[in-house]
Engineer: 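The structure's right below; bear with me while I get my questions together.
Since the model is a prediction, treat every value here as computed from it, not as a measurement.
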Amino acid sequence: MSRRVRLWLVAVGGAGLAVLFTAAALDLPAFGGDHHPYGDRAVHASLARHTANVIASVNFDQRAFDTLGEMTILFAAVVGCGILLRQTRDEHRAHPEPQEVARPVRRYALLVLPLALLTGLYVIAHGQLSPGGGFQGGVVAATSLHLLYLGADYRALERVRPVGLYETGDAIATSAYVVTGLAGLIGGSAFLANTLLPYGTFNTLSSGGTVPLLNAAVGMEVACAVVVLLARFLDQAVEIEKGNGT
């Protein structure tokens, strides 16, 4: 394909996208008005399905299929980084020597680690009730483990971060999200439709139907994915060196 043809394709595609954006913007409610059709419908649907956090209802119920796409993008990013950052034939692993860590840094890191991990798990578990959810809580839980790298050394982090196990967890969490959607189809509903489970009592952990399940799957997937991503980058920065080591 020549450069001129590529430029024409970009121009045609960009023009079509600009037309769609313009048409959508012209049909938006007036700025500062009190008429919000999309917001009103989202709130109504959230309350009807006993989900206190409207954002969670939008992410894991009203547009759960879009969230599946976001999970797939992250999963693909992990696979891509694993391929690009893998150890090659002309590289070897040189285990780093433990470095001296200042006592205040060590104490603070080891003190905050369990608190940060618990905070991440709490945000995931309460995603359908309060601000936060699987994406945010997963990142907090994953990064909390890396306080061991700051407060102790890299080997201590490696002992609590078996990469293969987290790769398996990433795949299982992504599959669990899809399986939940397929269960709806088997039950005679639509893919990822929130009709599989009872909606429960409003503002409790068991409320929201399938929203808590999908939120937990996303939390596990994000946590495992972030751990694997950081592991690949840290391996390149700390352990993997050029040369065969002979």
Engineer: Between C81 and L229, is any pair of side-chain heavy atoms under 4.5 Å apart?
Structural biologist: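 Heavy-atom side-chain distance check passes, below 4.5 Å.
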
Engineer: Can you confirm whether the side chains of Y154 and D235 place a donor and an acceptor under 3.5 Å from each other?
Structural biologist: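 Y154 vs D235: donor-acceptor pair found between side chains.
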
Engineer: Give the minimum heavy-atom separation between G151 and A109, together with the two atoms involved.
Structural biologist: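 Heavy atoms only, the tightest pair is CA-CB, 3.7 Å.
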
Engineer: Check whether any side-chain heavy atom of V226 sits under 4.5 Å from a side-chain heavy atom of Y166, and report yes or no.
Structural biologist: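 No - every pair of side-chain heavy atoms lies 4.5 Å or more apart.
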
Engineer: We want to know whether S207 and Q128 form a side-chain donor-acceptor pair, criterion being a heavy-atom distance below 3.5 angstrom.
Structural biologist: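 Absent: no donor and acceptor within the cut-off.
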
Engineer: Please report the shortest heavy-atom distance between Q236 and L85, naming the atom on each side.
Structural biologist: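 Heavy-atom minimum between the residues: NE2-O, 2.9 Å.
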
Engineer: Quick check: closest heavy atoms across L148 and A156, and the distance to 0.1 Å?
Structural biologist: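 Heavy atoms only, the tightest pair is CD1-O, 3.7 Å.
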
Engineer: Would you check if there is a donor-acceptor pair between the side chains of T195 and S189 at a distance under 3.5 Å?
Structural biologist: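 Checked: S189/T195 side chains pair up, N/O donor to acceptor below 3.5 Å.
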
Engineer: I'd like to know whether CZ of R3 has more than 12 heavy-atom contacts from other residues, nucleotides or ligands below 6.0 angstrom.
Structural biologist: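 Atom CZ in R3 is not packed in, count stays at 12 or less.
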
Engineer: Using only atom types and a distance under 3.5 Å, with no angle test, would you say the side chain of H44 pairs donor to acceptor with the backbone of D40?
Structural biologist: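 Side chain of H44 to backbone of D40, a donor-acceptor pair under 3.5 Å: no, none is there.
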
Engineer: Tell me every residue that passes salt bridge (Lys or Arg N to Asp or Glu O under 4.0 Å) with D170, counting only those two or more places apart in sequence or in another chain.
Structural biologist: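 Result, salt bridge (Lys or Arg N to Asp or Glu O under 4.0 Å) vs D170: none returned.
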
Engineer: Hey, is OH on Y122 packed in by over 12 heavy atoms from elsewhere, all under 6.0 Å?
Structural biologist: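 Open.
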
Engineer: Take the angle between the ring planes of F60 and F135 and call it parallel below 30°, perpendicular above 60°, tilted in between.
Structural biologist: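 Aromatic pair F60/F135 classed parallel.
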
Engineer: Among residues at least two apart in sequence or on other chains, which ones pass salt bridge (Lys or Arg N to Asp or Glu O under 4.0 Å) with R63?
Structural biologist: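 Partners of R63 under the salt bridge (Lys or Arg N to Asp or Glu O under 4.0 Å) test: D66, E70.
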
Engineer: Tell me whether L196 is reachable from F65 by hopping between hydrophobic residues (I, L, V, M, F, W, Y) whose side-chain heavy atoms are closer than 4.5 Å.
Structural biologist: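 No, F65 and L196 fall in different hydrophobic clusters.
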
Engineer: Answer with yes or no whether the side chains of N194 and T210 bring together a donor and an acceptor at under 3.5 Å.
Structural biologist: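 Present: a donor and an acceptor within the cut-off.
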
